[in-house]
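Lettering follows sequence order; numbering is per chain, from 1. Note that the coordinates shown come from a computational prediction; the quantities given were computed from them, not determined experimentally.
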Number of protein chains: 2
Amino acid sequence: MARPDSEGIRRKALVNAAIAQVGTSGLDVTVAAIARQAGMSPALAHHYFGGKAQMLEGAMRQILADYSSAVREGLSGSGDRLASIVSASVAPENFRPLTVAAWLVFYVEAQRSDWARRLLRIYQLRLRSNLRHALRSEGHPRAAEAAETVAALIDGTYLRAVTEPRFDGRAAVARILAAVRA
Amino acid sequence: MARPDSEGIRRKALVNAAIAQVGTSGLDVTVAAIARQAGMSPALAHHYFGGKAQMLEGAMRQILADYSSAVREGLSGSGDRLASIVSASVAPENFRPLTVAAWLVFYVEAQRSDWARRLLRIYQLRLRSNLRHALRSEGHPRAAEAAETVAALIDGTYLRAVTEPRFDGRAAVARILAAVRA
DNA sequence: TTTGTTTGATTGATCAGTCAATCAACAGCG
DNA sequence: CGCTGTTGATTGACTGATCAATCAAACAAA
């Protein structure tokens, strides 16, 4: 064998490249472009992932996993659960332009392919559950309704950040929190 | 000439077909599919629009125009300016699944092509301007901040409606208004 | 005839996926 | 230590399909 765990390394590189390429080129990414950015031949990319769809699915899973772990990490260290969820959502790590762009692409893809819809649904349910829990625990009346509002605000903030050249994460967090705590 | 104003009829049919096809097939629409849905040959579609990009641009312009006229119409007949803007935004006519899907696709496209970014920017600026005006006219303190909140809520509501099988427009309007008037 | 409409056929390019052929490490064996 | 077969890694070349765009020709109204 060439190197130990070559497969793991290659797959990771391909997933990262897929996220970046989807972010820049949208849905019409080519396997060749992903493979090139990951530093290998298109044939090898096909060898490790069954096909293009599986690469994209891997990319979306990675984005979801990164976001989830950021939220979980934030929750564990803070008393203000709501603020930490919102902060993690617009944190620079999850808010890189390429990542946000890839998110958007997956929203589009969710209207056609089952895997994207399923993954997106998991994200939405978990986010809402986290928000309801946070709002209830701080004694918010109508926590369920407020959770919907915050969830929509987070998604809307993502959407606007895509076209906004100047984006102030701090201000966005404050605005979102104010909408349900004012 | 074959029929009077054949060009106008053809172009209108192509734009509508483009919206529908973009909504269902995403970015990778084919000119052939658009032309088929519009009841003509692909070659004729190329004849009336310079190319695929111009068809998509026409589709986005149409969506923007429809949305604008809905908002304008709502504003003219109502005393509650804020409510009429929000209502028009999630009104069934602008909220058809295909239309929302096309919106999303254009958001993605806006990251790459100038025309999409420019059109999207116009929409965003106009929406914010309308919202600020409405909020100021009802004496809202911090109208500018509240306008940002409402704008993000509208966009976020769009985004969530895409994957939400059941969507209650009435409830969404109430929730959005409550977020800035409570 | 002239002018605009319409299409079938074609072209050139692009791309996902496949395959047979190299290449590199390692393990067993003498 | 050298020899060798095995196994996974890697790629260049190819295939089949798809698609945007073009064009010349057919067609219909004025």
Side-chain angles (χ1 to χ4, degrees), chain A residues 1-60 102 105-106 108-109 112-116, chain B residues 1-60 102 105-106 108-109 112-116:
Chain A
M1 311 145 190
R3 274 189 291 178
D5 194 22
S6 189
E7 170 154 355
I9 294 172
R10 293 304 201 181
R11 285 182 66 99
K12 208 161 295 187
L14 280 171
V15 164
N16 289 336
I19 293 174
Q21 285 294 321
V22 166
T24 55
S25 304
L27 281 166
D28 48 355
V29 251
T30 69
V31 173
I34 296 175
R36 197 180 323 121
Q37 168 148 0
M40 71 193 79
S41 72
L44 195 56
H46 273 99
H47 175 66
Y48 283 122
F49 282 87
K52 187 180 176 180
Q54 279 143 54
M55 290 181 219
L56 298 184
E57 180 171 346
M60 188 174 176
V105 171
F106 290 134
V108 172
E109 186 66 19
R112 235 158 326 140
S113 58
D114 283 337
W115 60 266
Chain B
M1 314 150 187
R3 276 190 290 177
D5 194 21
S6 189
E7 170 155 357
I9 294 172
R10 294 302 201 183
R11 287 182 65 99
K12 206 162 296 187
L14 280 170
V15 164
N16 289 336
I19 293 173
Q21 286 294 321
V22 166
T24 56
S25 304
L27 281 166
D28 48 355
V29 253
T30 67
V31 172
I34 296 174
R36 198 180 322 120
Q37 169 149 359
M40 71 192 80
S41 73
L44 195 56
H46 273 98
H47 176 67
Y48 283 122
F49 283 86
K52 188 181 176 179
Q54 279 143 54
M55 289 181 220
L56 299 184
E57 179 171 347
M60 188 173 176
V105 171
F106 290 134
V108 172
E109 185 66 20
R112 236 158 324 138
S113 58
D114 283 338
W115 59 266

Among [options], the nucleotide that comes nearest once only the side chain of [X] is considered:
{"X": "B:A43", "options": "D:dA9, D:dA20, C:dT7", "result": "C:dT7"}
{"X": "B:T30", "options": "D:dC19, C:dG17, C:dC19", "result": "D:dC19"}
{"X": "B:M40", "options": "D:dT22, C:dT7, C:dT6", "result": "C:dT7"}

If every non-hydrogen atom of A:I34 is compared with every non-hydrogen atom of A:A17, which pair is closest and at what distance?
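In terms of heavy atoms, the two residues are closest at O-CB, 3.5 Å.
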
How many Å lie between [atom1] on [X] and [atom2] on [N], as a whole number?
{"X": "A:I34", "N": "C:dA16", "atom1": "CD1", "atom2": "C1'", "value": "11 Å"}
{"X": "B:R11", "N": "C:dG4", "atom1": "CZ", "atom2": "P", "value": "16 Å"}
{"X": "B:L14", "N": "C:dT5", "atom1": "CG", "atom2": "C1'", "value": "14 Å"}
{"X": "A:H47", "N": "C:dC19", "atom1": "NE2", "atom2": "P", "value": "14 Å"}
{"X": "A:L44", "N": "D:dT11", "atom1": "CG", "atom2": "C1'", "value": "8 Å"}
{"X": "B:E7", "N": "C:dT3", "atom1": "CD", "atom2": "C1'", "value": "14 Å"}
{"X": "B:I9", "N": "C:dT5", "atom1": "CD1", "atom2": "P", "value": "11 Å"}
{"X": "A:D28", "N": "C:dT14", "atom1": "CG", "atom2": "P", "value": "13 Å"}

Scan B:F49 against the nucleic acid and name what it touches under 4.0 Å (heavy atoms): base, sugar-phosphate only, or nothing.
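B:F49: no heavy atom of the nucleic acid under 4.0 Å.
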
Taking only N and O in the side chain of B:Y48, is any of them less than 4.0 Å away from OP1 or OP2 of C:dG4?
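For C:dG4, neither OP1 nor OP2 has a side-chain N or O of B:Y48 closer than 4.0 Å.
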
In the structure I gave you, are the side-chain heavy atoms of A:L14 and A:L44 within less than 4.5 Å of one another anywhere?
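Sidechains of A:L44 and A:L14: no contact.
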
Hey, are the side chains of A:V15 and A:M55 touching, using non-hydrogen atoms and a 4.5 Å cut-off?
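No, side chains not in contact.
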
When you look at B:F49 and B:V31, which way does the side-chain contact (heavy atoms from CB on, under 4.5 Å) test go after all the steps?
CA-CA 11 Å; B:F49 283 86; B:V31 172; over 6 Å; no

